[in-house]
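Step one of this worksheet: look at the structure below.
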Amino acid sequence: MGLPQSTIVRHPLTYRLLEVRRVVRITPSTVRVTFGGDALEGFREQSPTDHVKLCFAEPGADLPVPPVIENDMWVAAPVEPITRDYTVRYHRPDVRELDVDMVVHGGGVGSAWAERAEPGMRLGVLGPRGSEVVPMVHDWYLLAAEETALPALGRWLEMLPAGVRVIAFAEVSGPREEQRFATATDLDLTWLHRGDAPPGTSDLMERAIRAAELPGGTGFAWVAGEAGCLKPIRRHLRRERGLAKEQVDVDGYWKRGIANHDHHEDD
Ligand SMILES: Cc1cc2nc3c(=O)[nH]c(=O)nc-3n(C[C@H](O)[C@H](O)[C@H](O)COP(=O)(O)OP(=O)(O)OC[C@H]3O[C@@H](n4cnc5c(N)ncnc54)[C@H](O)[C@@H]3O)c2cc1C
């Protein structure tokens with residue numbers, strides 16, 4: 001019998017203009033923005049790593065340029081929206097609300113917008129384009145994330161079946177950045193503190209994963225964070241641990257020195 005395979009479920013590509021309902025600093029560096037509106041009708045998400053493209057306005061403009069969608073595809077146009085990828089932290093269809101946790105890092109358009117977000121502001125939301133459905137039938141899961149991937153880590157922990165063995169590592173600057181996640185899994189979560197080292201420069205996650213004792217049976221490893229830090233982790237899991245391609249998802253969520261890093265480039 002082969003290993004369980006992931007599948008991609010495609011969703012109709014939809015652009016929505018949503019209004020900010022609430023803004024809460026959940027940690028010193030992370031802002032939870034709750035978007036709302038009737039436009040959320042039909043919004044679909046189902047997997048831990050489901051994400052949208054937030055669409056930002058040009059400097060000085062009030063609203064983003066909407067993307068041009070033809071035949072369910074985003075097509076090139078003379079003027080395009082400024083987009084960045086963000087995870088769907090929570091979706092509450094009953095009240096038409098969507099939460100996104102945005103890291104404020106002092107850098108780009110996403111971070112700057114999050115820093116000044118307040119109720120009443122409007123933003124474009126494109127997607128999710130699809131959901132990567134990882135069969136939740138493995139004997140164990142190895143999960144590792146830094147700040148930008150904590151929303152997805154939270155979703156993994158909330159969605160995985162009760163009692164399944166999970167070994168997780170979460171890298172943040174210090175104790176004040178730690179978050180609490182609800183889970184029914186048999187979870188062993190270790191917070192890693194990088195202190196004053198800038199984000200995306202530490203090998204804490206790599207060292208923790210190398211030292212981790214993985215249970216027997218078949219497992220699945222998901223790791224997300226800064227692309228450069230993840231390279232040795234991807235190699236370690238595939239070559240040294242001998243995990244098969246379908247057991248490993250290591251996703252560069254951002255890359256030092258690069259704006260709007262394309263995470264599909266890292267595979
Ligand atoms: C599938 C997916 C899901 C994601 N989910 C989330 C999420 O839920 N929440 C979230 O906050 N981010 C998330 N990200 C990461 C986010 O898209 C990037 O951090 C993005 O670069 C932020 O855009 P920006 O405009 O703030 O910075 P950009 O304009 O893209 O970059 C400007 C500069 O800031 C640097 N930079 C970017 N991000 C960081 C960071 N976190 N820390 C330090 N420096 C940084 C870049 O290297 C660049 O030098 C996700 C990415 C992917 C691919």
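Computed from a prediction, not measured in an experiment: that's the story for all the values here. Only heavy atoms go into these numbers, but all of them, side chains included; no hydrogens, no water, no symmetry mates. Start at 1 and go down the list; that is how both ligands and their atoms are numbered.
- Shown in contact with Pro151 at under 4.0 Å from a heavy atom are these atoms of ligand 1, numbered in order with element: 8 (O).
- Donor-acceptor pairing under 3.5 Å is recorded for the side chains of Ser202 and Glu171.
- Looking at Trp254 and Glu146, their side chains do bring a donor and an acceptor atom within 3.5 Å of each other.
- Any N or O atom pair closer than 3.5 Å counts here, and Asp101 shares at least one such pair with ligand 1.
- For atom 48 (C) of ligand 1, the closest heavy atom belonging to the protein is Ile258 O, 3.4 Å.
- On a distance-only criterion, His51 and ligand 1 share no N/O pair closer than 3.5 Å.
- If you check each of Glu147, Lys53, His263 against atom 53 (C) of ligand 1, the one with the closest non-hydrogen atom is His263.
- For ligand 1 and Arg256, the ligand atoms under 4.0 Å from any heavy atom of the residue are 47 (O).
- Ile233 pairs with exactly one of Arg238, Arg210, Met205 by the side chain to side chain contact (heavy atoms under 4.5 Å, CB included) rule, that one being Met205.
- Tyr253 O, 3.3 Å is the protein heavy atom nearest to atom 51 (C) of ligand 1.
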Set out, in order, the CA-CA distance, both residues' side-chain angles and the distance that settles salt bridge (charged side-chain N to carboxylate O under 4.0 Å, His left out) for Glu240 and Arg235, then state yes or no. CA-CA 7 Å; Glu240 291 161 42; Arg235 268 198 307 268; over 6 Å; no
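- Among the candidates Arg129, Gln46, Glu45, the single residue satisfying the side chain to side chain contact (heavy atoms under 4.5 Å, CB included) test with His11 is Gln46.
- For the residue pair Ser173 and His193, no side-chain donor N or O sits within less than 3.5 Å of a side-chain acceptor on the partner.
- Of all atoms in ligand 1, numbered sequentially from 1 with element shown, those under 4.0 Å from a heavy atom of Asn260 are 28 (P), 30 (O).
- Close approach of ligand 1 to Gly257 (heavy-atom distance below 4.0 Å) involves ligand atoms 47 (O), 49 (O).
- Looking from atom 16 (C) of ligand 1 to the surrounding protein, the closest heavy atom is Asp85 O, 3.5 Å.
- With Phe56, Trp254, Tyr86, Trp113 as candidates, the residue nearest to atom 22 (C) of ligand 1 on a non-hydrogen basis is Tyr86.
- The distance from ligand 1 to the heavy atoms of Lys255 drops below 4.0 Å at these ligand atoms: 46 (C), 47 (O).
- His51 and Asp85 share no donor-acceptor pair across their side chains, judged by distance under 3.5 Å alone.
- The shortest non-hydrogen separation linking Pro151 to Asp101 is CG-CB, 3.8 Å.
- Atoms of ligand 1 found under 4.0 Å from any heavy atom of Met102, numbered from 1 in the order shown, are 11 (O).
- With respect to atom 41 (N) of ligand 1, the closest heavy atom belonging to the protein is Thr148 CG2, 3.2 Å.
- A side-chain donor from one of Glu177 and Thr27 sits under 3.5 Å from a side-chain acceptor of the other.
- In this structure, Tyr90 is not a member of the same hydrophobic cluster as Met102, with clusters built from ILVMFWY side-chain heavy atoms closer than 4.5 Å.
- On a distance-only criterion, Gly252 and ligand 1 share no N/O pair closer than 3.5 Å.
- In this structure, the protein non-hydrogen atom closest to atom 11 (O) of ligand 1 is Val103 N, 2.8 Å.
- Looking at ligand 1, you won't find any N or O of Gly107 less than 3.5 Å from one of its N or O atoms.
- Protein heavy atom closest to atom 29 (O) of ligand 1, with residue, atom name and distance, is Arg84 NH2, 2.9 Å.
- Judged purely by distance below 3.5 Å, without hydrogens or angles, the side chains of Thr183 and Thr185 pair a donor atom with an acceptor atom.
- Remark: minimum distance from atom 8 (O) of ligand 1 to any protein heavy atom is reached at Thr87 N, 3.0 Å.
- Residue, atom and distance of the protein heavy atom nearest to atom 26 (O) of ligand 1 are His105 NE2, 2.7 Å.
- Relative orientation of the Trp191 and Phe181 rings is parallel, given thresholds of 30° and 60° on the angle between their planes.
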